[in-house]
Participant: 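One structure, pasted below without further comment.
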Amino acid sequence: MQNELNFVGRCLYDLNDYTAEEIYAILEASKVMKEINKRDYKKLPTLKGKTICTLFFENSTRTLMSFELAADRLSADIVRFASNGSSLAKGESLQDTVYTINAMGIDLYVIRHNLPGSPQLVHKHTGKPVLNAGDGHHAHPTQALLDIFSIWEKLGSLDGLKITLVGDIAHSRVVRSNLIGMRKLGAEVTVCGPKTLMPSQMSEVYGCKVEYDLKTALKDADVVMGLRMQLERQSEGLFPSLEEYSKLFTLSKETMKYAKKDALVLHPGPMNRGIEILPEIADSSRSVILEQVTNGVAVRMALLFLMLGGRM
Amino acid sequence: MLVKNGLVYQGDKFEKLDVLIKGTKIERVAPSIDETEATKIIDAEGKHVFPGFVDLHTHLRDPGQTHKEDIISGTKAAAKGGYTTICAMPNTDPIVDNIATVEYIKRKAKDVGYCKVSVIGALTKKSEGKELTEVASMLEGGIVAVSDDGGCVQNTKIKLNAMKYASNFNIPVIVHAEDYSLSAKGQINAGRMSTKLGLGGIPALAEEIIISRDIMLAENLNCHLHIAHISTAKAIQMVREAKSRGVKVTCEVTPHHLLLTEDACDNYDTNTKVKPPLRTEKDRLACLEGLLDNTIDFIASDHAPHSDFEKEKEFNLAPFGINVLETSFASLYTELVLENKIELTKLIEKLSTSPAKFLKINSGLIKEGCLADITVVDLEGDIHFSAETMVSKSNNTPFINQTFKGRVDTTICDGVVTWGAGTKS
Ligand SMILES: [Zn+2]
């Protein structure tokens, strides 16, 4: 494990604050954690005495479980704040909420919020390291790291890889964080989706390619990631129907023919089988979708470990 | 009162002159006026003497939102910023859509204010964009324009009727141009930054479509349309073209749209959350160009104060608007005049002479017979903006904790010192 890099006390809002070298250090640490997770006895005493607060203002059972399991395996204490039915619903501001919680002696916050920039606000009012577990459409760095880890583990390096991300780009924090991370590690990334779901100036902001035709976008791809298509975009007038969407953008045997023969398939979940991805692809040998979930726990363990200065 | 030895604004130049004030008016402007002619002397040696600034666009928040600002704090902020006349926007609580509320503001400003306050009445009742307001009776109360600022009439037929009705009284209609269907959920300019930050975008088109519509209405009705806080290159070009074919259209730009771009929104600083949003560098340069070629008639503050607790929130939850009156001159002088982007005389014209002409008030110039509305500024003097030094109830400015050149030393309004040494308490 790298010693010269320092993660202690830093926040993780998104991957733009971390260098390629630091990202690789996180991946290496994740690999160690993944090995530990394969053991019979999976618990480490390394964060004993540390208190982690998970602030979840948005429903996300899976991400919350992944984080809490990660903290648990490192022996940290976990306190959970979920906004449903608690003070935020009563009109208390985020600021007041974290003031109160902070008084309980928290060492690190994990926050999931539907509004972008909320992690920065939590740090501003607590002074404690904050780990962004997804803020609005802005960023989801742990998801990006676990996606990158899944690719790195299988293919060794991201340098020069052709990666294609397909779906609702506009509303995806997963895409934004992945773009930053993948580009830092040298991948060539193409984003693809309907024009109405493509934010402006993507290539200028992220240095990626933008395609509106799936077959063109998939051409020679080493890695393909599908994204969840949400029905509510239809009522927002952004696309006509799920049927037409899947006709144009679904990952199937037919469309995946354009990618490289053994191209990896990822999906951040939860999947709409039959809409953005067909079972023939989701359940195929090239799919790493379930392994992404396994890797998620390892990556989150690595981050908590590094950010709280744990010892092996 | 005698303002002695200052460099006095004389339209296209500054001259070392003395300014003698008798009562509310300027009695004489001459190279050397004897000190015995006045009881109070204001030493302006080494300083500049400008006509008091005039603001067409202030949100005083009074009545109804006085935790953000009130007529006392807002006019005091104006006096500190060198303003002698400001115009109160009608989006208070209640909305200024009736003569009683117009009279409340006028009376309170007269009794306790630190500058003159003109009132802009609502264009539609409750600014709901549905029914016309009683313009004639509000005119009796002294309104100077009508506007639903803060909001925008979406229905074209209602806008047409409201403009037609207002044109009957020769009163300008001020538009805050925003197509709600395009700006919905928007937080900052739609573009590079909104993509990067994952914030909802407000496209330039949301402003331009309404401006294009309203210019057509103004042309068709021969009505005076004034466009508030113009912010996009294309919108400015539309005004330029409309003016050249004789449409009665004027427009204003805010200091922040002249000084900042969407880049300032990085890090989710809610002190950069304004409507219209801070745009691109291309738009900012177009604002500057429009100001220089007089497509843009003057600078208006869009002073829109909010309490700290309202602004210290998630970006999406914070309200739009910032404190401007206190920072406008110093920020514009430091960033534009000292950087040779605009002449000082031009800046004064755009902060004072031109808006005064718009309001048809006997102000905006320093000459015999004009009202004694005067601002004495030390261009070398530093001014620092911090929560401790702001006199507005609001601290939310993107220039907080920054220092600028161009400190207002003394503001004189109708012959009375309202800021600086000798201020009434
Ligand atoms: Zn406005």
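A note on names: the letters A, B, ... follow the listed sequences, proteins ahead of strands, and every chain is numbered from 1.
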Participant: Could you state the interatomic distance from CG (L179(A)) to NZ (K196(B)), rounded to the nearest 0.5 Å?
Facilitator: 13.5 Å

Participant: G191(B) and S200(A): which non-hydrogen atoms are nearest, and at how many Å?
Facilitator: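 Distance-wise, the nearest heavy atoms are CA-OG, 3.4 Å.
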
Participant: What residues of residues 256-281 of chain B sit under 4.5 Å from chain A when only non-hydrogen atoms are counted?
Facilitator: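 Y268(B) fall under the 4.5 Å cut-off.
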
Participant: Rounded to the nearest 0.5 Å, what separation is found between the NZ atom of K313(B) and the CG atom of L94(A)?
Facilitator: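 With rounding to 0.5 Å, NZ (K313(B)) is 10.5 Å from CG (L94(A)).
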
Participant: Could you state the interatomic distance from CD (E236(A)) to NZ (K185(B)), rounded to the nearest 0.5 Å?
Facilitator: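 That separation rounds to 4.5 Å.
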
Participant: CE of M198(A): more than 12 outside heavy atoms within 6.0 angstrom?
Facilitator: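 Check passes, neighbour count above 12.
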
Participant: In Å, rounded to the nearest 0.5 Å, how long is the span from CD of E312(B) to OG of S93(A)?
Facilitator: 9.5 Å

Participant: Kindly compute the distance separating OG1 (T195(B)) from NE2 (H138(A)), expressed to the nearest 0.5 Å.
Facilitator: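 It comes to 11.5 Å.
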
Participant: Is the number of heavy atoms from other residues, nucleotides or ligands within 6.0 Å of NZ (K234(B)) greater than 12?
Facilitator: no

Participant: In chain order, what residues pass the side chain to side chain donor-acceptor pair (under 3.5 Å) check against H267(A), with sequence neighbours excluded?
Facilitator: E276(A)

Participant: What distance do Q201(A) atom CD and S194(B) atom OG have between them, rounded to the nearest 0.5 Å?
Facilitator: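 Answer for the CD-OG pair, Q201(A) versus S194(B), is 8.0 Å.
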
Participant: Do L197(B) and P116(A) have side chains that approach each other closer than 4.5 Å (heavy atoms only, starting at C-beta)?
Facilitator: no

Participant: In terms of heavy-atom pairs under 4.5 Å with chain B, which of H137(A), H125(A), M202(A) leads?
Facilitator: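 The option with the most such pairs is H137(A).
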
Participant: Can you tell which part of Y206(A) gets under 4.5 Å to a heavy atom of chain B, answering side chain, backbone, both or neither?
Facilitator: side chain

